[in-house]
J.: 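Structure below; questions to follow.
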Amino acid sequence: MIEVQNLTKQYGEITAVNGISFRVEKGEILGLLGPNGAGKSTTMKILTGFLPATSGQALVAGHNVATESLQARRHIGYMPENTPLYPNMTVRRYLTFMASLKGVTARERSRAVAAAMESTGTTHVANRLIKHLSKGYRQRVGLAQAIVSDPDILILDEPTIGLDPTQIIEIRHLISAMAQRRTVILSSHILPEVSEVCERVVIINRGQVVASETTKGLARQLQKTQQVLIEARGDRVAIEKVLREAAPVRAVTFERGGTAEGSHRFRVDSGSEHDLRAELARAVVGAGHDLLHLEEHTLSLEEIFVQLIRTESKREAA
């Protein structure tokens, strides 16, 4: 559905995007991640026809965004980081205006606007001026304008920026619902949001792709050994001794007190990919301790992101 091939964007001597390549398949939800200034927004602007690339090419639904811009943009709904809303327009009038700009026919316009408001939960504020809406509802209106022409591709740049936790959850649910029959590229600094919504991530650092994989796939690549988190009740020293002797382990680390009175949490590192969970459970229970919790620990998206960026920075410094 989207194919980026050796895409480069230069501003004079500054290279914002440096030969990146990636694909987004039809129906996929892709998270585009990177630190500030990594080139995420520049990449999105090239994909949506707002900026020309210096070299390389981007194909959207088979159309080259440089030479077939209008055909490519007919497939795209774009929500930039700061959506250009018109504060003195009502929600309905603004969306009707945006629908006309996007080529929705006069006959279909009213239905398209109603459907966009229904999908984003803005029907009840249709006749209110945008300037009187909360930040959360302005973001909803931004999403509504992105889907008012019923595109099959959504490109969303920081759609939850500036929102409170409740509003973030609401927008996340809206995006998930809208993505059920669309291809989506989502950029966000809120990494738990990306891990909740996206199937795969592309991580960009200093204009280059440093990873393109599912979160679980990246965790497997970076975490070569199994780690198990255990909470047990009993004498802390005795539990730790049991864990060390239960199986060949590289390390047992006391994490903190547990959630129950007299319980303790430990992290056990196997030193290999060997699954220790059954052995550890039998050892703890067999020694007369109460096993309250046991789970395999996998790297979070935040841990993956930090490790990759640090590794890339060290490589560049070397």
Side-chain angles (χ1 to χ4, degrees), residues 29 32 36 40-42 44-51 69-70 72-190 192-194 196-197:
I29 308 173
L32 191 61
N36 289 332
K40 305 184 302 297
S41 292
T42 298
M44 289 183 159
K45 288 175 181 177
I46 293 172
L47 286 175
T48 53
F50 278 74
L51 282 177
S69 179
L70 286 177
R73 280 187 282 170
R74 288 192 182 103
H75 292 270
I76 296 173
Y78 177 42
M79 182 180 177
E81 184 173 344
N82 297 299
T83 307
L85 302 175
Y86 292 89
N88 291 316
M89 278 186 171
T90 65
V91 172
R92 188 190 306 279
R93 187 171 182 183
Y94 168 73
L95 292 177
T96 301
F97 172 62
M98 294 304 296
S100 67
L101 290 182
K102 295 184 179 196
V104 179
T105 64
R107 184 175 181 178
E108 289 292 318
R109 214 166 287 161
S110 178
R111 182 205 58 78
V113 169
M117 290 192 296
E118 177 69 23
S119 295
T120 56
T122 53
T123 302
H124 65 291
V125 295
N127 297 316
R128 291 181 59 180
L129 295 177
I130 292 174
K131 67 181 178 182
H132 294 154
L133 298 179
S134 67
K135 174 69 172 176
Y137 270 94
R138 289 198 296 272
Q139 291 295 90
R140 287 172 178 257
V141 174
L143 283 171
Q145 68 79 27
I147 65 170
V148 73
S149 61
D150 195 23
D152 43 14
I153 296 170
L154 283 179
I155 297 181
L156 310 175
D157 193 358
E158 299 288 348
T160 59
I161 190 169
L163 301 185
D164 64 38
T166 300
Q167 293 169 331
I168 288 173
I169 293 171
E170 291 174 350
I171 297 297
R172 181 194 302 163
H173 289 163
L174 286 175
I175 292 170
S176 296
M178 289 189 291
Q180 290 179 6
R181 59 186 185 87
R182 295 181 174 93
T183 302
V184 179
I185 296 181
L186 168 68
S187 170
S188 177
H189 282 96
I190 304 172
E193 171 184 291
V194 174
E196 285 283 337
V197 175

J.: Is the NZ atom of K45 crowded by more than 12 outside heavy atoms at less than 6.0 Å?
T.: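 Not more than 12 within 6.0 Å, no.
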J.: Looking at side-chain heavy atoms only, is the closest gap between L133 and T122 below 4.5 Å?
T.: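 Counting from C-beta outward, L133 and T122 never come under 4.5 Å.
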J.: Does atom CZ of R93 have more than 12 heavy-atom neighbours from other groups under 6.0 Å away?
T.: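 No, not enclosed.
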J.: How many angstroms lie between OG in S119 and CE in M178, if you round to the nearest 0.5 Å?
T.: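 The distance works out to 7.5 Å.
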J.: Would you give the length of the straight line joining atom CD1 of I175 to atom CZ of R182, rounded to the nearest 0.5 angstrom?
T.: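 One gets 12.0 Å once the value is rounded to the nearest 0.5 Å.
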J.: Closer than 3.5 angstrom, by distance alone: can the side chain of R140 be matched with the main-chain N or O of T120 as a donor-acceptor pair?
T.: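 It does hold such a pair.
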J.: Identify the heavy atoms of A179 and I29 that sit nearest to each other, and give their distance.
T.: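 Reported closest heavy-atom pair: CB-CD1, 3.5 Å.
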J.: Below 4.0 angstrom, N of the basic side chain to O of the carboxylate: do R111 and D150 qualify?
T.: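 Result for this pair is no, no salt bridge flagged.
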J.: Could you tell me whether a side-chain N or O of Q167 sits under 3.5 Å from a main-chain N or O of D164, the two making a donor and an acceptor?
T.: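 Between the backbone of D164 and the side chain of Q167 there is a qualifying donor-acceptor contact (under 3.5 Å).
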J.: I'd like to know whether T160 forms a side-chain contact (heavy atoms from CB on, under 4.5 Å) with R172, so could you lay out the CA-CA distance, the side-chain angles of the two residues, the decisive distance to 0.1 Å, and finally the verdict.
T.: CA-CA 8 Å; T160 59; R172 181 194 302 163; 5.8 Å; no
J.: Please check this pair: side chain of K102 against backbone of Q145, looking for a donor-acceptor N/O pair closer than 3.5 Å.
T.: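 Confirmed, K102 side chain pairs with Q145 backbone.
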J.: Could you tell me if the side chain of E158 sits less than 4.5 Å from the side chain of S188, heavy atoms only?
T.: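 The answer is yes; the side chains approach within 4.5 Å.
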J.: Can you name the closest pair of heavy atoms from L32 and K40 and give their distance?
T.: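 That closest heavy-atom pairing would be O-CD, 3.5 Å.
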J.: Determine yes or no for a side-chain-to-main-chain donor-acceptor pair under 3.5 angstrom, with R138 supplying the side chain and I130 the backbone.
T.: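 Judged by distance alone, no pair lies under 3.5 Å.
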J.: Apply the side-chain contact (heavy atoms from CB on, under 4.5 Å) test between I185 and each candidate in L156, L154, L47; give the one that qualifies.
T.: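 Testing I185 for a side-chain contact (heavy atoms from CB on, under 4.5 Å) against L156, L154, L47 leaves exactly one candidate, L47.
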J.: Which pair of heavy atoms, one from L186 and one from M44, lies closest together, and at what distance?
T.: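 That closest heavy-atom pairing would be C-CE, 4.1 Å.
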J.: So, does Q139 use its side chain to make a donor-acceptor pair with the main chain of P159 at under 3.5 Å?
T.: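 Yes, because the side chain of Q139 sits within donor-acceptor range (under 3.5 Å) of the backbone of P159.
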J.: Can you tell me how far apart CD1 (I76) and CD1 (I155) are? Round to the nearest 0.5 Å.
T.: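 Answer for the CD1-CD1 pair, I76 versus I155, is 4.5 Å.
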J.: Working to the nearest 0.5 angstrom, can you tell me the gap between M79 CE and N82 CG?
T.: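 Taking CE in M79 and CG in N82, the distance rounds to 9.5 Å.
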J.: Quick one: closest heavy-atom pair of M89 and Y94, and the distance?
T.: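 For M89 and Y94, the tightest heavy-atom pair comes out as SD-CA, 3.6 Å.
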J.: To the nearest 0.5 Å, what is the distance between CD (E118) and OG1 (T123)?
T.: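 These two atoms lie 5.0 Å from each other.
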J.: Hey, could you give me the CD1/CD1 distance between I161 and I168, rounded to the nearest 0.5 Å?
T.: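 I161 CD1 to I168 CD1: 10.5 Å, rounded to 0.5 Å.
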J.: Closest heavy-atom contact between A116 and A144?
T.: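 Looking at all heavy atoms of both residues, the closest pair is CB-O, 3.7 Å.
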J.: Which atoms form the tightest heavy-atom contact between A99 and V113, and what is the distance?
T.: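 Closest approach of A99 to V113: CB-CG2, 4.4 Å.
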J.: Give a yes or no on whether the backbone of A126 and the side-chain of R92 come within a donor-acceptor separation of less than 3.5 Å.
T.: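 Side chain of R92 to backbone of A126: no pair is present.
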J.: Would you call the rings of F97 and Y86 parallel, tilted or perpendicular, taking 30° and 60° as the class edges?
T.: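 Answer is perpendicular, since the angle exceeds 60°.
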